[in-house]
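So you know, we letter chains A, B, ... as the sequences are listed, proteins then strands, and number each from 1.
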2 protein chains.
Amino acid sequence: MKKQSGAQALERGLAVLEAVAAAPPEGMRLTEIAEMCGLEQPTAHRLVAALERGGYLTRVGDTKRLRLGLKLFQLGATGADAGGLAAAARPALVRLAAASGDCMFLMARSGFDAVCLDRQDANYTIRSLTGHVGGATPLGLGPGSTTILAHLPEAERAEVLAANRERILALGHDVPSKADLAAIRKCGFCHEVNRSVAGIVGAAVPIMTPKGHPIAAIAIGATEARLPETRLLDVIATMKDEARKIEAIIASSRDGLLS
Amino acid sequence: MKKQSGAQALERGLAVLEAVAAAPPEGMRLTEIAEMCGLEQPTAHRLVAALERGGYLTRVGDTKRLRLGLKLFQLGATGADAGGLAAAARPALVRLAAASGDCMFLMARSGFDAVCLDRQDANYTIRSLTGHVGGATPLGLGPGSTTILAHLPEAERAEVLAANRERILALGHDVPSKADLAAIRKCGFCHEVNRSVAGIVGAAVPIMTPKGHPIAAIAIGATEARLPETRLLDVIATMKDEARKIEAIIASSRDGLLS
DNA sequence: ACAATAACTTCCATAATATGGATTTATTGG
DNA sequence: CCAATAAATCCATATTATGGAAGTTATTGT
């Protein structure tokens with residue numbers, strides 16, 4: 001009994017893209033793709049051919065190996081802005097990075113993940129787990145991500161948690177408890193020490209839509225020494241200020257940018 | 001008589017993505033998508049639903065309008081590196097931007113287009129036509145793009161020119177002549193004054209694979225005043241040097257990065 | 001506020017399309 | 001150079017996408 005999606009071929013094609021995206025930079029062989037996606041080899045061949053034709057996949061050098069093509073980069077750059085969010089938040093990030101001297105991230109929600117939309121480092125020290133722009137973590141792993149999760153409405157929160165529990169555990173981390181999330185909601189920020197990486201402190205505040213939906217978060221990454229408890233609250237306060245400014249920009253823009 | 005692709009549904013789905021990518025940031029309505037892609041409306045609906053499920057499309061705010069989703073940004077960031085090219089070229093770009101004081105671009109070929117992979121500006125003055133990272137122009141429009149075109153093998157060059165002629169004319173620019181391209185091949189760089197934008201000078205040198213295929217170009221954008229003929233050749237010489245260094249890195253990396 | 005219109009969603013019989021087993025051709029490795 | 005493995009191609013089959021029609025839900029105009 002197959003699933004009743006009505007667009008099997010498209011979904012399979014997208015699955016191929018995601019499989020190749022997850023592969024190492026030497027690329028993937030057709031057979032591997034077929035196996036990874038649970039497709040017969042001729043089927044994979046057809047899908048790959050179509051994706052290649054469109055520039056979504058390219059051959060590695062002169063081999064048969066396949067890798068993501070630049071078309072995705074092109075499209076990705078177009079969608080990157082998330083409807084003005086990145087642009088609206090950029091100045092805030094710059095200010096925060098400069099003021100704190102640490103590394104600031106803009107994380108936005110995408111389905112069950114949070115994606116790093118932008119990043120400003122005052123001095124290139126830290127590469128956090130979600131460090132690189134374009135990187136994604138399951139909602140619930142990492143401060144920015146967890147802040148967004150915490151501020152979702154009850155029902156959605158449960159759904160996301162259920163969906164992500166296994167993924168997070170598989171990555172060797174633990175899943176935030178209900179109490180953790182409630183605490184984050186209460187004080188309006190998330191603070192993590194030594195959670196994803198030893199010696200690294202992370203903290204984040206949410207960016208909410210006028211309707212009270214969390215769409216993104218501003219996160220900070222720093223070493224434990226640089227961000228002691230004493231300084232933390234100051235920094236968080238500044239971050240909240242900036243988050244509010246971004247919210248104001250979002251609210252005032254006539255095209256709802258909110259997701 | 002339909003085309004014999006063997007993956008109609010996938011191709012249609014990709015067409016939907018590209019249509020939405022070309023749309024303004026307020027997003028697109030289902031009907032518009034259907035019309036733009038030549039699909040019946042229920043068909044478009046099914047494809048859109050699948051793409052939305054995968055995070056490739058999102059609803060704008062709480063409306064029904066559709067816009068590119070962050071999944072594309074995610075995948076795009078993964079593929080952005082073009083197999084090490086961007087990383088290999090980054091230091092060269094930084095050096096060139098610092099040394100020249102102008103704006104440097106890394107353009108890479110993607111099918112019939114050249115995509116801006118990276119950009120370094122010494123001082124934020126110019127926004128060239130292909131300025132933003134992720135932007136694409138048809139091969140034959142803009143210096144970096146034209147340099148790549150010029151260095152393609154005869155047959156491929158003709159094919160690309162035929163494919164792009166209309167597109168370039170439609171954008172209100174003219175298509176490089178055979179003589180233009182031959183000249184670029186001969187002197188190893190492309191120089192354009194007042195071509196795409198008045199008062200702006202562009203120039204570019206190709207980056208070739210060991211097998212003599214152009215995969216990318218380093219381009220410079222500056223105002224006419226900043227880049228007079230006298231300075232031009234110096235700058236070009238430096239750019240050629242850097243291009244050669246990048247070629248060396250590419251050649252020495254065991255995974256062929258070459259496209 | 002209500003009607004009229006347009007956009008979106010769902011349904012389903014039909015046929016066009018994707019499917020995958022079998023085969024040929026190319027590539028890789030010993 | 002030959003064996004083994006992977007990729008490309010073929011094609012009869014039935015699964016899957018298709019699009020007309022009808023039912024809902026927004027949007028627009030009066």
>> Does dT16(D) have its OP1 or OP2 closer than 4.0 Å to a side-chain nitrogen or oxygen of Q8(B)?
In response: no

> Which residue pairs satisfy the side-chain hydrogen bond (donor to acceptor under 3.5 Å, both in side chains) criterion with at least one member in residues 163-172 of chain A, sequence neighbours excluded?
Replying inline: D113(A)-R167(A), N164(A)-R167(A)

> For P91(A), what residues pass the side-chain contact (heavy atoms from CB on, under 4.5 Å) criterion, not counting sequence neighbours?
Replying inline: R95(A)

>> What is the distance, to the nearest angstrom, from the CD atom on E52(B) to the C1' atom on dC8(C)?
In response: 13 Å

>> By nearest heavy atom, map R12(A) and M28(A) onto DNA chain D; which one lands nearer the 5' end?
In response: M28(A)

> How would you list, by chain and number, every residue that makes a side chain to side chain donor-acceptor pair (under 3.5 Å) with E52(A), sequence neighbours excluded?
Replying inline: R59(A)

>> Contact list please: residues 33-47 of chain A against DNA chain C, heavy atoms, distance less than 4.0 Å, in numerical order.
In response: E40(A), P42(A), T43(A), R46(A)

>> Please enumerate all residues that pass side-chain contact (heavy atoms from CB on, under 4.5 Å) together with T43(B), with sequence neighbours excluded.
In response: R12(B), L39(B), E40(B), R46(B), L47(B)

> Residues two or more places apart in sequence or in another chain: which of them pass side-chain contact (heavy atoms from CB on, under 4.5 Å) with M208(B)?
Replying inline: H151(B), P206(B), P214(B), E247(B)

>> From CD of E11(A) over to P of dT16(D), roughly how many Å is that when rounded to an integer?
In response: 12 Å

> With sequence neighbours left out, what residues match E32(B) under side-chain contact (heavy atoms from CB on, under 4.5 Å)?
Replying inline: M28(B), R29(B)

>> Looking at T31(B), I'd like to know whether one of its side-chain N or O atoms comes within less than 4.0 Å of OP1 or OP2 on dC8(C).
In response: yes

>> I need the CZ-C1' distance between R65(A) and dT27(C), as an integer number of Å.
In response: 12 Å

> At their closest point, which heavy atom of T78(A) faces which heavy atom of A21(B), and how far apart are they?
Replying inline: CG2-O, 3.5 Å

> Where the side chain of A9(B) is concerned, which of dC8(C), dA7(D), dA18(C) is the nearest nucleotide?
Replying inline: dA18(C)

> Is E18(A) salt-bridged to K71(B), going by a charged N under 4.0 Å from an acidic O?
Replying inline: yes

>> My understanding is that only residues two or more places apart in sequence, or in another chain, count here; which of them pass side chain to side chain donor-acceptor pair (under 3.5 Å) with R90(B)?
In response: D118(B)

> Got a sec, which residues hit side chain to side chain donor-acceptor pair (under 3.5 Å) with R244(B), two or more places apart in sequence or on another chain?
Replying inline: none

Please enumerate all protein N or O atoms sitting under 3.5 Å from an N or O of nucleotides 23-29 of chain D, with distances to 0.1 Å.
none

> Who pairs with R185(B) by salt bridge (Lys or Arg N to Asp or Glu O under 4.0 Å), at least two apart in sequence or on another chain?
Replying inline: none

> Within this structure, what is the CG-to-C1' distance between L30(A) and dT25(C), rounded to whole angstrom?
Replying inline: 15 Å

>> So for the helix from dA1(C)-dT30(D) to dG30(C)-dC1(D), with five pairs setting each end axis, what is the inter-axis angle to 10°?
In response: 70°

